S.K.: 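Below are the structure tokens for one structure; questions will follow.
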Number of protein chains: 2
Amino acid sequence: MGETATDQSTPVTEGRRQRVRRETMVELKQAALDEVRERGAVGLSLRSVARRMGMSPAGLYRYVASREDLLTTLIAEGYQDLGHHLEVANGAPAHVGGVPDRPPPSPPVIAGPETDVADRTRAVALAYRHWAVSHPNEFGLLFGDPIPGYEAPTGGPTVAGMRRVGTGLAQPLVEAWQAGRVRTHPAMADPELRAGLSPVLEFESELSVEAFGLFLLAWGRLHGQVSLEVFGHHRWLFPDGCEPLYRADVEMLLSELGLFDEPTGDGPGEPHGHDPA
Amino acid sequence: MGETATDQSTPVTEGRRQRVRRETMVELKQAALDEVRERGAVGLSLRSVARRMGMSPAGLYRYVASREDLLTTLIAEGYQDLGHHLEVANGAPAHVGGVPDRPPPSPPVIAGPETDVADRTRAVALAYRHWAVSHPNEFGLLFGDPIPGYEAPTGGPTVAGMRRVGTGLAQPLVEAWQAGRVRTHPAMADPELRAGLSPVLEFESELSVEAFGLFLLAWGRLHGQVSLEVFGHHRWLFPDGCEPLYRADVEMLLSELGLFDEPTGDGPGEPHGHDPA
DNA sequence: TCACGAAGTGAACATCGTTCACGACTCACC
DNA sequence: GGTGAGTCGTGAACGATGTTCACTTCGTGA
């Protein structure tokens with residue numbers, strides 16, 4: 001653990017009090033994360049976390065405003081963890097920030113920056129499922145029943161984590177789009193859809209309306225497969241997991257996005273259209 | 001409600017005791033369902049249900065073994081409700097069984113048996129989202145965090161409801177398949193996938209391996225969009241809901257399944273293949 | 001050294017799921 | 001019609017939970 005902490009190389013600006021507070025906070029989050037991993041998000045109990053830490057339940061309130069507050073902290077860190085996992089699969093550079101101490105198992109496929117964009121998209125898609133099936137309770141924490149009545153503040157760490165996951169998923173697709181290799185579909189030209197999508201693009205200016213819509217649909221598509229599997233709705237069909245089915249879906253998605261076609265050299269403004277309907 | 005019950009036309013086999021017990025059971029489930037609709041599945045409290053019924057908390061245990069048991073009952077009925085909704089959208093005949101007293105709003109599009117299979121598939125797909133967004137907490141009950149450690153018994157009412165939902169979703173696709181109008185994809189030919197899928201077909205004998213896999217993928221694909229929307233992960237993008245995006249996905253799905261192509265007259269054994277990869 | 005504020009404790013409160021002994025009532029049977 | 005058995009519902013109770021509060025302990029800056 002952090003047992004071998006830098007005893008004297010610690011910056012002098014941080015006194016003993018701040019250090020132990022920081023360490024206690026880390027220990028608290030780790031204990032809560034262990035609880036979630038073992039008993040699920042709904043089973044998270046502050047008293048149990050306190051017991052695990054050898055602390056009085058009331059003492060936790062020096063670090064956490066409420067049980068719900070602790071849950072949202074875990075949610076934000078879960079997004080960061082998942083986002084990091086996706087970045088590694090995409091062949092991320094050294095940049096690693098806000099990643100928990102205990103790193104998750106590496107994704108099954110790790111691409112590199114020079115890898116073909118189809119392979120990178122596949123790697124990210126497989127990493128999404130991989131993280132989910134190896135962290136089922138955290139996946140449920142992030143994507144299961146929302147905390148009733150909770151709305152993530154727009155500037156807060158929760159949406160920051162969601163954005164990291166989103167960009168981690170979208171990164172290969174953005175590059176493919178910019179290389180003119182994404183095939184769009186006539187259904188994306190619906191004016192109502194474009195009208196609903198366009199205000200969003202103030203945030204996501206790297207993509208066109210169609211491309212952003214396609215990304216959302218691709219994410220949702222993969223998310224559905226993963227969600228049904230992780231939440232057990234396919235267990236009676238596939239007791240050993242749904243990886244082959246998921247792989248087939250990913251291949252279909254890649255081919256429908258046109259990522260297997262020859263690059264046309266078109267810019268993002270002129271993606272090659274769908275085959276004649 | 002059932003106030004105007006058939007007072008004397010009730011079969012004599014049911015005495016007063018059985019009748020009030022049945023009525024109390026209905027009232028209990030309705031009160032619990034109201035609780036779930038208002039406060040979500042995790043907020044369901046037996047004491048609150050008892051208060052709503054003007055009853056002592058302990059009295060509920062004459063009707064329900066535990067809180068978890070009540071939840072699984074609600075889950076089973078929720079599946080039945082959703083399945084009924086899908087059947088109505090598909091233009092179901094008079095057969096209606098196990099539908100709760102208060103019927104849900106009708107699906108936005110109701111097809112008929114003579115409607116084209118693409119239109120019926122679209123109607124069912126739209127009905128899936130429609131039920132979900134108009135019953136968000138019940139959707140969370142069915143498809144959100146599973147009750148930790150609970151596994152639905154294979155013969156029980158839960159899987160019966162799941163099967164009704166599955167067949168309700170699959171019905172148009174089964175017909176399209178049998179009419180030879182479903183276009184498959186080379187990725188579905190993966191031998192490992194076929195091996196994992198084939199034991200399932202002992203239950204679902206109407207479909208081939210590829211067709212059943214395609215159905216599962218289509219379901220998951222739609223489910224993902226709905227799930228992300230209902231659980232609020234798209235609210236910051238689309239505060240007014242994701243219907244246009246979802247409609248685009250449905251149209252893409254229909255065209256990728258080949259349901260817009262001219263019928264070839266091939267039997268289910270010989271679906272027309274995918275366009276050259 | 002000393003006063004301030006942070007960290008942690010134990011007791012308490014309201015709520016929850018659940019159990020249990022007990023009274024009231026229903027129903028089948030003589 | 002009476003009667004015994006079984007059902008229905010109640011109130012009290014137990015252990016657990018989230019949360020608050022007064023109080024002590026102790027690090028830290030002046």
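All chains are named by letter (A, B, ...) in the order of the sequence lines, taking the proteins before the strands, and each is independently numbered beginning at 1. A quick note: this is a predicted structure, and the numbers were derived from the prediction, not measured.
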S.K.: What residues, two or more places apart in sequence or in another chain, satisfy ring-ring contact (aromatic ring centres under 6.0 Å, His included) together with B/Tyr246?
M.R.: none
S.K.: Sequence neighbours left out, what passes side-chain contact (heavy atoms from CB on, under 4.5 Å) with A/Ala127? Give chain and number order.
M.R.: A/His85, A/Leu86, A/Ala89, A/Pro107
S.K.: Filter on side chain to side chain donor-acceptor pair (under 3.5 Å), then keep only pairs touching residues 40-67 of chain A, sequence neighbours left out; what's left?
M.R.: A/Glu35-A/Ser48, A/Glu35-A/Arg52, A/Glu38-A/Arg52
S.K.: For chain B and DNA chain D, what are the first and last nucleotides along the strand, 5' to 3', with at least one atom under 4.0 angstrom from a heavy atom of the protein chain?
M.R.: D/dG6 to D/dA13
S.K.: Provide the start and end nucleotides, 5' to 3', of the part of DNA chain C that has atoms under 4.0 Å from heavy atoms of chain B.
M.R.: C/dC16 to C/dC27
S.K.: Could you go through residues 136-143 of chain B and list every donor-acceptor pair under 3.5 Å that involves a side-chain atom there, pairing it with any protein atom two or more places apart or in another chain?
M.R.:
unit_1	atom_1	unit_2	atom_2	d
B/Asn137	ND2	B/Val36	O	3.1
B/Asn137	ND2	B/Arg37	O	2.7
B/Glu138	OE2	B/Arg37	NE	2.7
B/Glu138	OE2	B/Arg37	NH2	3.2

S.K.: Determine whether the aromatic ring centres of residues A/His234 and B/Trp219 are separated by less than 6.0 angstrom.
M.R.: yes
S.K.: Can you tell me how far OG1 of A/Thr24 sits from CZ of A/Arg21, rounded to the nearest 0.5 angstrom?
M.R.: 8.0 Å
S.K.: Within this structure, what is the CD1-CE distance for the pair A/Ile75 and A/Met162, rounded to the nearest 0.5 Å?
M.R.: 10.5 Å
S.K.: Determine, step by step, whether A/Thr73 and A/Val64 satisfy the side chain to side chain contact (heavy atoms under 4.5 Å, CB included) criterion, reporting the C-alpha distance in whole Å, the side-chain angles of both residues, the deciding distance to 0.1 Å, and the verdict.
M.R.: CA-CA 9 Å; A/Thr73 302; A/Val64 151; 5.8 Å; no
S.K.: Who are the side-chain contact (heavy atoms from CB on, under 4.5 Å) partners of A/Pro244, not counting sequence neighbours?
M.R.: B/Asp190, B/Glu192, B/Leu193
S.K.: Is there a residue in residues 38-56 of chain A whose heavy atoms reach under 4.0 Å of DNA chain C, and which residues are they?
M.R.: A/Arg47, A/Met55, A/Ser56
S.K.: In residues 66-75 of chain B, which residues come under 4.0 Å of DNA chain C by heavy atom?
M.R.: B/Ser66, B/Arg67
S.K.: Scan residues 58-65 of chain B against DNA chain D and write down, sorted by residue number, each residue with any heavy atom closer than 4.0 Å; if none is found, say none.
M.R.: B/Ala58, B/Gly59, B/Arg62, B/Tyr63
S.K.: How would you list, by chain and number, every residue that makes a side chain to side chain donor-acceptor pair (under 3.5 Å) with A/Gln171, sequence neighbours excluded?
M.R.: A/Glu175
S.K.: Give every residue pair that meets the salt bridge (charged side-chain N to carboxylate O under 4.0 Å, His left out) criterion with at least one member in residues 235-245 of chain A, sequence neighbours excluded.
M.R.: A/Arg129-A/Glu243, A/Arg235-B/Glu151, A/Glu243-A/Arg247
S.K.: Let me confirm one number: the CD-CG distance from A/Glu77 to A/Leu82, rounded to the nearest 0.5 Å.
M.R.: 13.5 Å
